[in-house]
Amino acid sequence: MKKASKLLLMAVSYLAIFILGATSGMIHPACYAYVGAILPLLFAFVYLKTTTMIKSFGAATFLNGFLLVLFLIAGEADWTLVIGFVILTALAEIIRKIKGYDTIKGVRASFIPFAYSFFAYTFHWWTDTEGSLAAAVEEMPAGYDEMMKPVIDNVPMLIVVLILTIPISILSIRLAERTMNR
């Protein structure tokens with residue numbers, strides 16, 4: 001399989017993980033709001049494989065750029081997603097450059113900001129609560145917006161989940177390394 005085909009497969013896999021995370025909201029709004037903390041368990045495999053194929057600048061840019069283009073085309077990209085992706089991608093690329101493109105330290109450290117990418121997608125709940133609740137009334141089953149409100153108002157839980165994402169992302173990249181080395 002050629003490198004371009006493998007990279008496209010990684011990008012599509014990354015999109016599939018995002019879709020999986022987004023559809024978790026069908027279970028409960030808390031799933032959608034907080035699933036970003038456990039998605040690094042899957043993101044790590046895609047990111048690690050992508051960094052083995054892109055051994056210089058561009059692994060995080062390729063993956064988040066692919067999604068950003070698709071979200072812009074689909075009309076799903078709001079300003080929090082765009083700004084979040086740009087900041088998280090830039091941090092990942094800068095850290096990987098500083099720590100070394102061809103080092104596992106560079107991949108491990110750069111994965112931490114990259115692991116937060118799904119939160120850039122969901123953060124509109126906290127920056128545009130009224131708009132998010134209105135969209136829920138239009139798009140989701142009756143009463144979904146009422147279930148969303150306590151989730152959005154529980155900012156301490158959001159902070160806990162954001163903090164927990166760091167050790168989960170560290171564990172995830174290590175797990176991906178061990179699994180893919182076999």
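- Residue T122 comes nearest to A33 through the heavy atom pair OG1-O, 4.3 Å, listed as atom of the first residue, atom of the second, then distance.
- Closest heavy-atom contact between A60 and A92: CB-CB, 3.8 Å.
- Remark: D102 CG to T52 OG1 distance equals 12.5 Å, nearest 0.5 Å.
- Between the side chain of S169 and the backbone N or O of P40 there is no donor-acceptor pair closer than 3.5 Å.
- Note on L72: it clusters hydrophobically with L88, by side-chain heavy-atom contacts below 4.5 Å among ILVMFWY residues.
- Using a 4.5 Å heavy-atom threshold, the side chains of M10 and M53 count as touching.
- In this structure, Y121 has its ring center under 6.0 Å from that of F71.
- Here the shortest heavy-atom pairing between A77 and V82 reads CB-CG2, 4.3 Å.
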Original post:
Can V137 and L133 be said to form a side-chain contact (heavy atoms from CB on, under 4.5 Å), step by step?
Top reply: CA-CA 6 Å; V137 169; L133 292 170; 5.8 Å; no
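- Between the side chains of H124 and S132, at least one donor-acceptor pair of N or O atoms lies under 3.5 Å.
- Separating the CD1 atom in I95 from the NZ atom in K97 is a distance of 14.0 Å, to the nearest 0.5 Å.
- Rounded to the nearest 0.5 angstrom, F66 CZ and L7 CG are separated by 11.0 Å.
- L70 and L8 end up in the same hydrophobic cluster when Ile, Leu, Val, Met, Phe, Trp and Tyr side chains are linked at under 4.5 Å.
- Contact check for V161 versus F119: side-chain heavy atoms found under the 4.5 Å cut-off.
- Using a 4.5 Å heavy-atom threshold, the side chains of Y116 and I166 count as touching.
- Considering every non-hydrogen atom in both G25 and M140, the closest pair reads O-CE, 4.5 Å.
- The main-chain N or O of P150 is never found under 3.5 Å from a side-chain atom of N154 such that the two would form a donor-acceptor pair.
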**OP:** Could you walk me through whether F45 and M180 pass the side-chain contact (heavy atoms from CB on, under 4.5 Å) test, one step at a time?
**Re:** CA-CA 8 Å; F45 292 92; M180 293 174 78; 4.0 Å; yes
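- Aromatic ring pairs are classed by plane angle as parallel below 30°, tilted from 30° to 60° and perpendicular above 60°; the pair Y14 and F18 is perpendicular.
- Distance check, rounded to the nearest 0.5 Å: OH of Y34 to CG of L39 gives 15.0 Å.
- Nearest heavy atom pair, residue E93 against residue A59, reads OE2-N, 3.3 Å.
- Residues T89 and L68 have side chains not in contact (no heavy-atom distance under 4.5 Å, counting atoms from C-beta outward).
- In the hydrophobic clustering of ILVMFWY residues, with side-chain heavy atoms under 4.5 Å counting as a link, I27 and M147 come out apart.
- One distance of note links CD1 of I163 with CG of L158; it measures 9.5 Å at 0.5 Å rounding.
- Contact of the H28 side chain with the V151 side chain is registered, since non-hydrogen atoms from C-beta on lie closer than 4.5 Å.
- With hydrogens and angles ignored, the 3.5 Å screen pairs a side-chain donor or acceptor of T51 with a backbone N or O of L48.
- Put simply, the side chain of N64 reaches to within 4.5 Å of the side chain of F114, judged on heavy atoms.
- Relative orientation of the F111 and Y47 rings is tilted, given thresholds of 30° and 60° on the angle between their planes.
- Side chains of V155 and I159 form a contact here, defined as non-hydrogen atoms less than 4.5 Å apart.
- Distance OG1/T50 to CG/L63: 4.0 Å, rounded to 0.5 Å.
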**OP:** Run the numbers on D78 and D128 for side-chain contact (heavy atoms from CB on, under 4.5 Å), then give the verdict.
**Re:** CA-CA 10 Å; D78 62 2; D128 181 19; over 6 Å; no
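- Without hydrogens or angle criteria, K99 side chain to S110 main chain gives no donor-acceptor distance under 3.5 Å.
- Between G21 and S24 the shortest heavy-atom distance is O-OG, 2.6 Å.
- Under the 4.5 Å side-chain contact rule for hydrophobic residues, M157 and Y32 share a cluster.
- Panel note: side chain R96, backbone S56; a donor-acceptor pair is recorded below 3.5 Å.
- By the 4.5 Å heavy-atom criterion applied to side chains, I54 and T61 are not counted as neighbours.
- Residues I170 and L42 fall within the same hydrophobic cluster, defined by Ile, Leu, Val, Met, Phe, Trp and Tyr side chains chained together at heavy-atom separations under 4.5 Å.
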